[in-house]
Every structure is written in C-alpha cells, then in structure tokens.
Amino acid sequence: MDHHHHSSSPLSGAPFRRSPFPPIDDYAFLSDCESTCLIARDGTVEWMCVPRPDSPSVFGSLLDRSAGHFRLSPHDRTVPASRRYLPGGLVLETTWQTDTGWMIVRDALVMAPWYDIEERSTTHRRTPSDWEAEHMLLRTVRCVNGTVDLYVSCEPAFDYHRGRTEWSYTGKVYEEATAVCRNAPDEHPTLRMTTDLRLGIEDREVRARRRLHKGDTAFVALSWSDCPMPHTFDEAMAKMVATQDYWREWITTGRFPDHPWRTYLQRSALTLKGLTYSPTGALLAASTTSLPETPGGERNWDYRYAWVRDSTFALWGLYTLGFDREADDFFSFILDVSRDADGVRYPLQVMYGVGGERELPESTLEHLSGYDGATPVRIGNDAYHQQQHDIWGTLLDSVYLHVKSRGHFPQTLLHTLRRQVEEAAANWRKPDRGIWEVRGEPQHFVSSKVMCWVALDRGAKLAELQGRPDYARKWAAIADEIKADILEHGVDERGVFTQRYGHPSLDASALLIPLLRFLPADDPRVRATVLAIADELTEDGLVLRYRVETTDDGLAGKEGSFTICSFWLVSALVEIGEVERAAALCQRLLDFASPLKLYAEEIDTDTGRHLGNYPQAFTHLALINAVVHVIRAEREIGAGNFRPAHLGP
C-alpha cells in the first residue's frame, strides 16, 4: 500500500480554517416519523422540511447561512455545557452554562396518542398504530440555577429560500404568530408559533427575549398543521413526556444484548426508525440533500428518498434487533409502488419518493451557497431511472428473511415477487450501473450479478415454502447458472472476486459474498477476497468503495471511505474467523461516531470528519449487523463453540 500522501503530518500543510458551518457530525437529528430536523449545537434548527422530508426546506441554513433558521439559546453563548438524547428516544436535551446561571433545553418533534378519530388522516396509508406525529417542533426551557438571558429567533425561508416570509400576530397579544409564504401561500405550509414568551415580529423574523431566574420555565412550539397547540408550560411538558414515552415504548419491543456496545445499537435503531415515513412505510436514505462527499466538491446528492436497496438492508438491521413491524409497512409500500390504483403493474425502480412517486427529476438550486461552499445543491435524484440489477435480490432477500422469521408469507406480495425473480432471470447477463450508481458506462458488475443470484436463490426457496416445486426447480437451475458464470468471470488469478468482469480492480461490495451466503465462509476464494480488500482497498484501515482511478463514475473528486464498507468488513472478518481483527476494527469505527452516536455516509480518515448526507440509514444498519456479528462470535468463543456466524439460510 502506498502511504506517501500521508507523509506530511496532519497538523502541517493547509492552514486551519474555522468554517461558519458546523461540522456535519455536530448536528442532532430529530424525527416524528413524518418530518425530520437537524439542530446544531448552538441551539439552531438548521434543516427542516415540512410537511414531508422531501418538501422544500423552511429552515435551510445547513446549505446556506441565510436560508432560514430557528435558534433558542442563551443570548451570549454558542457552545453548550453538554448535549445528549434522553436515553431510549429522540428527545434532545441541551444544558447551557452562562456567567450567571444554568438552563436546560429540551427539543422534540412531538408524538401523540393516535388522534385522527373524527376524520381519517389525509396522508396515512398504513394501518393506524397507537401513536402519530403531531406536526409540531416543541422546545422547552428550564432555568435551574442563577439567571439566564434566553434568546429566541425564528426566521423561516420557505421553498429553499426562494419564497418570501410574512409573519403576523394571530393571538390575543404577543403569544402567537403565524408565518406564510407570501408569493405562494397555498403551495407552502403555514407555520404557527405559540409560546409563553412575548413575540416580536422583525421583518422575516420572530424574536423573543426573557431573563429567566432559577425555577423559571418557558416553551416555544412551532406547528405546521391544525393540531391543538400548547398554551401553558404544563401542556408543553405533557407533550414532551408523551413523546419520550412513545420512543421508550418502541425501543422496548427490540432485543438488545447486555454489552458495552448496546448504546450504539439502540441509537442506530432509533435513527433507522426516525428515517421511516410512517404514512406510507417508506424509509429515507438520509434526512438531507447535498451534504458533500468530498469537502467543497461536486459529489452532492439528494438522499431524501426511499431506495429499495437501502430500505431492504435497513430491515435486515431492524430484524436483527427484533423489530419486524417496520417490515410489514415497508412491504406494503413496495406493493403500493409496484401497481397503480387500476391495478396496472410497474417494474420495480431503484428508488421512489416517500409517497410512492416514481419520478424524481433532478435540478440544482443555484441561489444557495451549499454546505461550506460545496456546490451544486441538488434536489431530486436522476438515479431513479438507472438500471441497477441488485434491487431484485435485495428485496427478495428481505422478504425471505421475513418469511423465515415469521413463518408467514405475505400473499399480496406474491405476484410482485414472482415478477422480480423473472426480471433478475431476464436481465442478469446485461451490464448495469451497479450498487454504487456510477454515472459512467454500464459494466458487468460482480455484485449486481451476485444479487441476481440472490434473487433466484431466495425465489426458489420461497417457491419451495409456497408449495411450488416447479418454480423452485426452474429458479434454482438459473441460480446455479449465474453462480457458475460469476465464478468463471468474476474471480482473478489470485482467486479474488473483482469489481467487474475481466478487470482486476477491487470493490468493497464483494464483502457481501459471504454475508449473502453466495459461497460458504470457508471457501478459499471468500477468504482471499476479504483479506485482499482489508489489505489493499483501505486507507488508514478504513475501506473505500473502489479506487476512483480504476472506476469511471463520471465525477471529479476524491472518494472518502464509505463507512458501510468498513462495517461490512467487520462482519466478513467474523465470517472467515478473524474475530479479533474484526472486533478491533469495529471498536475503531464506533470511536468515529459523532458525539450523539450518529453517522454520515463517509469518514475522512485524515481528520475523522464525517462527510455526505446525515444521518445515513445505510451506515447505521451496517453498524447493527457488524456489532451483532462480533458480539455473537465473542459469546460463542467464550462458550467454546465458535464457528463463523451464518445469519442467512
């Protein structure tokens, strides 16, 4: 391996520059499973899109310092004494110390017991649960010592800062104000703020100030629907408690090992749950758009959509921890998108809008500066019409897991699944753009072909379970044919699986070969591949997706280390029996987590900075898989009967 580019110590070289943008991993993530928001550590909501996560932003200072914010903090402080999530949920608690006192702030997107009982919800297509989102961001404050000057500033910028914000008083005196988008009030949400502070309207902004003494409390609630708003601190507090109850009740349905890494598993599970869109069952890849994969670079994509691949892998992660209800809703979502109201059937796409939209045209927002100057800022994602041949396999694998763990087959899905198996059978010989969605020419990617094998293999097993031996035989035979083809063309002379046919470059997706049971972990080709990736496709021990110089992805810029690939390496090392090496790498990756145990898509190994959209579902589910792999292996070694974990069939 060449290390010459690290010869200068990380402290020399480029002058250190403090950016006006917080580091990506500085943000806290909140969700009510319908909307999400990100809060910087200075108490500013810097990213929020309502009513849907892919709606235009109302607070967008994450992507441009002037594109809208909602700050609540002591007036002279930007760095709190501490921040944490209340254990077991998505309620954020920030403790502030000033020269004169201490105050504690709690923030949440409010969950309430199901309240749509007079009339049906207009957005909800899934089976009603016990709880639903109240479409309200609630911030409560308590001064616990001395005195603190509280400062609130809320300046929405509708439509990614293209709309004009107009505030007006709508209460008796100063306790309520409402903001509309002046140039298109019907196209954008109306924001209503209620508080026990006195609000002042200053052009596009609403402000409030108050000196709090020990024991004083305050609240600010921002709502974008007609739900009843809190009018007293006690009402606000009751909503906060209900929200925390919701999350604790949810996390308690999972199974978490009694282990030092348990908190990482819980935070990852909560993050995955927070990235679900409960009205349809879709799962977001991340809650942001255009956070750069290369600092200041052009690899900026919109991740606020449901990728079939990411979602089905996420179910894998949630299953491992005992959460299977989310899968029912997601399979219903897949059913929704695979046919229209008249029953016309559509082929499965790579990705969808969270409401099931099939077209996600990509455009750029020229007026935004981008996160820390990284342009272009993109909305929409043109990958929706790419050919990626791994989606049939990922979907079938997750359905197979579901059926195996439940012993129950979702009959409604049967036709859709058969179509996916047949698509894989018809297309596996063709080139595609692969799991990484490269924008260069389609290639014969090994991982895509392995996923086509998965589609036919799991299809055959499901057909067997369904009592259809005819299909089972036919599909198993095609699976064997695909496997033979891959073993002939996808392995180099060292016995290592390559990225694509006839080319020696490596690709981290080959780590899925043992995880998906394509070959047993004791096959010498599996061992050779895992070790080759560990030794040759890493920088500072973290795994790259591929080397940019050998893969045409149609873009300029350096490729960071994809954190999922490193977590896959942990799982694959466990599979081939290298448990100590796996545990050491796993600990190192967990040490890179943000202060709130969240992950973006990539980690810059030089600085430990997180890069890419945030928080990223794929990273969290790969973490769950890796951590559980290591814990199981360590326990089995402790019990004296370790063999590489076979989670699959």
Side-chain angles (χ1 to χ4, degrees), residues 308-309 312-313 316 331 334-335 338 345-350 386-404 409-411 413-435 442-491 495 497-503 507 509-521 523 525-526 529 646-649:
V308 171
R309 173 193 316 117
T312 51
F313 273 121
W316 193 11
F331 293 138
I334 289 290
L335 195 64
S338 60
R345 301 191 175 276
Y346 288 94
L348 193 61
Q349 293 184 180
V350 175
Q386 283 195 5
Q387 280 299 307
Q388 294 171 22
H389 293 171
D390 65 329
I391 54 174
W392 309 304
T394 45
L395 179 63
L396 275 144
D397 193 47
S398 64
V399 172
Y400 177 64
L401 262 173
H402 189 63
V403 171
K404 240 181 43 172
F409 197 92
Q411 289 298 330
L413 264 179
L414 197 56
H415 195 90
T416 302
L417 292 176
R418 189 175 303 161
R419 292 243 324 281
Q420 305 322 319
V421 181
E422 281 161 0
E423 286 279 302
N427 287 296
W428 71 269
R429 289 185 181 280
K430 300 178 189 157
D432 75 330
R433 290 249 164 65
I435 182 173
Q443 308 270 358
H444 290 283
F445 287 107
V446 170
S447 63
S448 297
K449 301 208 192 282
V450 169
M451 277 302 185
C452 289
W453 171 84
V454 168
L456 283 134
D457 176 74
R458 306 311 191 254
K461 291 186 161 79
L462 287 166
E464 197 72 58
L465 291 171
Q466 274 280 264
R468 294 300 303 265
D470 46 342
Y471 278 105
R473 274 195 304 276
K474 181 175 104 177
W475 290 342
I478 303 174
D480 291 343
E481 191 187 342
I482 301 175
K483 180 177 269 187
D485 192 73
I486 297 169
L487 295 177
E488 187 181 341
H489 301 288
V491 182
F497 284 94
T498 57
Q499 178 187 56
R500 53 195 196 266
Y501 281 11
H503 196 288
D507 191 300
S509 58
L511 294 167
L512 290 169
I513 285 172
L515 302 182
L516 294 164
R517 313 286 162 241
F518 178 76
L519 286 177
D523 186 296
R525 290 164 294 192
V526 169
T529 303
H646 283 283
L647 291 176

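These numbers were taken from a predicted model, which means no experiment stands behind them. All residue numbers in this chain count up from 1 along the given sequence. Atoms considered below: every heavy atom in the structure, side chains included; atoms not considered: hydrogens, waters and symmetry mates.
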* To do: Starting at CZ of Arg500, measure out to CD of Gln443 and round the result to the nearest 0.5 Å.
  => 4.5 Å
* Structure fact -> To the nearest 0.5 Å, atom CD of Gln387 lies from atom NZ of Lys430 at 7.5 Å
* Asked: With a 4.5 Å heavy-atom cut-off, do Arg458 and Val403 have their side chains touching?
  -> no
* **Inter-residue atom distance Gln420.CD - Ile334.CD1, 0.5 Å rounding** => 8.0 Å
* To do: Evaluate the side chain to side chain contact (heavy atoms under 4.5 Å, CB included) criterion for residues Thr416 and Leu348: first the C-alpha distance (whole Å), next the side-chain angles of each, then the deciding distance (0.1 Å), finally the verdict.
  => CA-CA 9 Å; Thr416 302; Leu348 193 61; 5.8 Å; no
* Asked: Phe445 and Asp390: side chain to side chain contact (heavy atoms under 4.5 Å, CB included), yes or no, with the steps?
  -> CA-CA 10 Å; Phe445 287 107; Asp390 65 329; over 6 Å; no
* **Derivation and outcome, side chain to side chain contact (heavy atoms under 4.5 Å, CB included), residues Val308 and Gln388** => CA-CA 11 Å; Val308 171; Gln388 294 171 22; over 6 Å; no
* **side chain to side chain donor-acceptor pair (under 3.5 Å) contacts in which one or both residues fall within residues 445-456, not counting sequence neighbours** => Asp432-Ser448, His444-Lys449, Ser447-Ser509
* **side-chain hydrogen bond (donor to acceptor under 3.5 Å, both in side chains) partners for Thr498, two or more places apart** => none
* **Interatomic spacing from CZ in Phe313 to CD1 in Ile435 - rounded to 0.5 Å** => 5.5 Å
* To do: Would you name the heavy atoms of Thr312 and Leu395 that are closest together and state the gap between them?
  => CG2-CA, 3.8 Å
* Asked: Are the side chains of Trp392 and Cys452 in touch, meaning some heavy atoms are under 4.5 Å apart?
  -> yes
* In sequence, state the C-alpha distance, the side-chain angles, and the governing distance for Leu396 and Val454, and then conclude on side chain to side chain contact (heavy atoms under 4.5 Å, CB included). => CA-CA 8 Å; Leu396 275 144; Val454 168; 5.6 Å; no
* To do: Grab the two heavy atoms, one from Val421 and one from Ala455, that are nearest each other, plus how far apart they are.
  => CG2-O, 3.9 Å
Which donor-acceptor pairs under 3.5 Å do the side chains of residues 472-491 make with protein atoms, sequence neighbours left out?
{"unit_1": "Glu481", "atom_1": "OE2", "unit_2": "Arg429", "atom_2": "NH2", "d": "2.7"}
{"unit_1": "Lys483", "atom_1": "NZ", "unit_2": "Phe518", "atom_2": "O", "d": "2.8"}
{"unit_1": "Asp485", "atom_1": "OD2", "unit_2": "Tyr501", "atom_2": "OH", "d": "2.7"}

* **Pairwise distance CG(Asp507) to CG(Leu512) - rounded to 0.5 angstrom** => 9.5 Å
* To do: Drop me the distance from Trp316's CH2 to Thr394's OG1, to the nearest 0.5 angstrom.
  => 11.0 Å
* Minimal non-hydrogen separation, Arg525 against Phe497, with atom names -> CB-CE1, 4.0 Å
* Asked: Does the side chain of Met451 come within less than 4.5 Å of Asp397's, by heavy atoms?
  -> no
* List in chain and number order the residues that pass side chain to side chain contact (heavy atoms under 4.5 Å, CB included) with Arg468, two or more places apart in sequence or in another chain; answer none if no residue qualifies. => Arg418, Ala463, Gln466, Asp470, Tyr471
